[in-house]
Amino acid sequence: MRRAALLPLRSLRSGRGAAGAAAAAPGSRQAAWTPPAGSRCTSTWVDKQGYEHFGSRGPAPGGGRARLLGAAAALGGASYWWSCRQEVPYTHRHHAIMMVSNAMELHIGQQTFQEVTSQAAGAHTLLPASHHYSQLVRRVGARIAQVAADGGGGGYSKHMRGLHWEYAVINSPDINAFVAPGGKVVVFTGLLQLVRSEDELAAVLAHETGHVLARHHAERLSQLNVTGLANLLVRALLGVTIPGALVVLGIFLPYSRAAEYEADAIGIRLLARACYDPQANVTMLAKLNAAQGGAEARLPEMMSTHPLTEERVARVRALLPEAFALYKERCSRLRGAFDQLVSGW
């Protein structure tokens, strides 16, 4: 007994089954197939091969699994963030240092410092350690670093213990200074020629030391790690990527400006506790603003890595009463001890 040949599945799209093929006359128009009353086949969909299917497509492949995976990742990430929280000294802000170890910080700082000083030495712009500028920066910096490591600001400061602070001075007209992780400070002679007192230099170095105390470098690395993982997760779950400009304008630049404000807030307290004049912080920022000639005003603040100097001056002025109280409390006691020592000679 011969079996009837099976029709291709594609013929089901037009309703041309065996009966339909026999009933349809050549050239006649075939009525569209409609499901019987009460049938559950109320919709159709076409697969990738072009075949039409009746009924619901059903849940999207991996949809429930993707949501479960996303929820688990969010819960795990929140737990990890909580376990990595640290309190910033003096400002008492909490942040999370994730996937960045102290050893990694020290390695990055040492590598950066060596590269900068090697390039300066090759260009014959690195001042020797015996130069009076180098000695001045080293002396003032060591005094600030000692105060920063004593735990007087509360919060997390274990990373400050045993740091090998290094200071380099580069002969350059740039009015700038920066610090690398681990206490590696570079100062340009253009800045040293602007300051007119040891207190103003101390204000600059206290600001840079504030970045190290607050672990701003490690926090920035943590942000890079987290945004990279978030981008991978969003791409896997939604098939899209987070625009780089959105990350820069929405995360990195605002954080950079906030870090400068925080370094100012920490720096003025370190300045006072090291027995330097807190008012020098205000005068130093005013000099920087004048030296910049208002160039920063041409760039919108939201696109800048540093906040406007006028705003920084206003915030530092607001901290002066507290800074002078710290100065009076600590430095009066030190002066009393010194006078007592001198009177016994």
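Just so it is clear, the model here is predicted, and its values are computed rather than measured.
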Parallel under 30°, tilted from 30 to 60°, perpendicular over 60°: which one fits the rings of His211 and His216? perpendicular
Can you hop from Leu326 to Val282 via hydrophobic side chains spaced under 4.5 Å? no
Could you tell me whether a side-chain N or O of Asp277 sits under 3.5 Å from a main-chain N or O of Gln279, the two making a donor and an acceptor? yes
Quick one: do Thr283 and Asp199 satisfy side chain to side chain contact (heavy atoms under 4.5 Å, CB included)? Show the steps, please. CA-CA 10 Å; Thr283 59; Asp199 296 276; over 6 Å; no
To the nearest 0.5 Å, how far apart are CZ in Arg220 and CZ in Arg215? 15.5 Å
With the 4.5 Å side-chain cut-off for hydrophobic clustering, are Ile108 and Phe113 part of the same group? no
Distance check, rounded to the nearest 0.5 Å: Arg138 atom CZ versus Tyr167 atom OH? 10.0 Å
Smallest heavy-atom separation, Lys184 atom then His164 atom, equals NZ-O, 2.7 Å
Is a side-chain N or O of Gln135 found less than 3.5 angstrom from the main chain of Ser130, in a donor-acceptor match? yes
Scanning both residues in full, the closest heavy-atom pair of Gly267 with Ala206 reads O-CB, 3.3 Å
Between Ile144 and Leu271 the two heavy atoms that sit nearest each other are CD1-CA, 4.4 Å
Heavy-atom distance under 4.5 Å between the side chains of Leu163 and Leu106, does that happen here? yes
Do Leu192 and Val140 share a hydrophobic cluster (ILVMFWY, side-chain heavy atoms under 4.5 Å, transitive)? yes
Start with the C-alpha distance between Leu288 and Met284, add both sets of side-chain angles, then the distance that settles side chain to side chain contact (heavy atoms under 4.5 Å, CB included), and finish with yes or no. CA-CA 6 Å; Leu288 286 174; Met284 187 65 229; 3.9 Å; yes
Crowding at CD, Glu115 (>12 non-hydrogen neighbours, <6.0 Å): yes
Tell me whether His94 at atom NE2 has more than 12 heavy atoms from other residues, nucleotides or ligands lying less than 6.0 Å away. yes
Are the side chains of Val179 and Thr209 in touch, meaning some heavy atoms are under 4.5 Å apart? no
Got more than 12 heavy atoms from elsewhere within 6.0 Å of CZ, Arg317? no
His217 side chain reached by Val100 side chain, heavy atoms, under 4.5 Å: no
Does Arg273 pair with Glu329 as a salt bridge, N-O distance under 4.0 Å? no
Ala148 versus Leu213, closest heavy-atom pair with distance: O-CD1, 3.7 Å
For Arg196, all residues meeting side-chain contact (heavy atoms from CB on, under 4.5 Å), sequence neighbours excluded: Glu200, Lys287
Ring-plane angle category for Tyr133 and His131, please: parallel below 30°, perpendicular beyond 60°, tilted otherwise. tilted
What distance do Tyr90 atom OH and Glu322 atom CD have between them, rounded to the nearest 0.5 Å? 10.0 Å
Mind checking whether Glu166 and Val185 have side chains closer than 4.5 Å, heavy atoms only? no
Might you point out which heavy atoms bring Ser157 and Gly151 nearest each other, and give the distance in Å? OG-CA, 4.0 Å
State whether the side chain of Ser101 and the backbone N or O of Met104 hold a donor-acceptor pair below 3.5 Å, judged by distance alone. yes
Donor-acceptor under 3.5 Å (Ser222 side chain, Ile97 main chain): no
Backbone of Leu221 reached by a side-chain donor or acceptor of Asn225 within 3.5 Å: yes
If you define the side chain from C-beta out and look only at heavy atoms, does anything of Asp174 sit under 4.5 Å from Leu191? no
Do you know which two heavy atoms are closest between Ala121 and Leu126, and how far apart they sit? N-CB, 3.9 Å
Nearest-0.5 Å distance, CZ of residue Arg315 to OH of residue Tyr261: 4.5 Å
When rounded to the nearest 0.5 Å, the distance separating CD1 of Ile266 from CD1 of Ile268 is 12.5 Å
Are Met99 and Trp82 in one and the same hydrophobic cluster, where Ile, Leu, Val, Met, Phe, Trp and Tyr link if side-chain heavy atoms are under 4.5 Å apart? yes
Chi angles and distances behind the side chain to side chain contact (heavy atoms under 4.5 Å, CB included) call for Met160, Trp165: CA-CA 10 Å; Met160 301 294 290; Trp165 289 83; 3.7 Å; yes
Candidate list Glu262, Arg85, Glu219, Gln223, test side-chain hydrogen bond (donor to acceptor under 3.5 Å, both in side chains), partner His95, passing option: Glu219
Do you reckon Leu270 sits in the same ILVMFWY cluster as Leu201, going by side-chain contacts under 4.5 Å, direct or chained? yes
Backbone N or O of Asn171 within a donor-acceptor pair of the Thr125 side chain at under 3.5 Å? no
Test Val116 against Phe178 for side chain to side chain contact (heavy atoms under 4.5 Å, CB included), laying out the working first. CA-CA 11 Å; Val116 171; Phe178 70 87; 4.0 Å; yes
Side chain to side chain donor-acceptor pair (under 3.5 Å) assessment of Arg143 paired with Tyr276: CA-CA 10 Å; Arg143 184 166 155 183; Tyr276 287 108; 3.2 Å; yes
Glu87 bridged to Arg93 by N-O distance under 4.0 Å: no
In Å, rounded to the nearest 0.5 Å, how long is the span from NZ of Lys328 to SG of Cys275? 14.0 Å
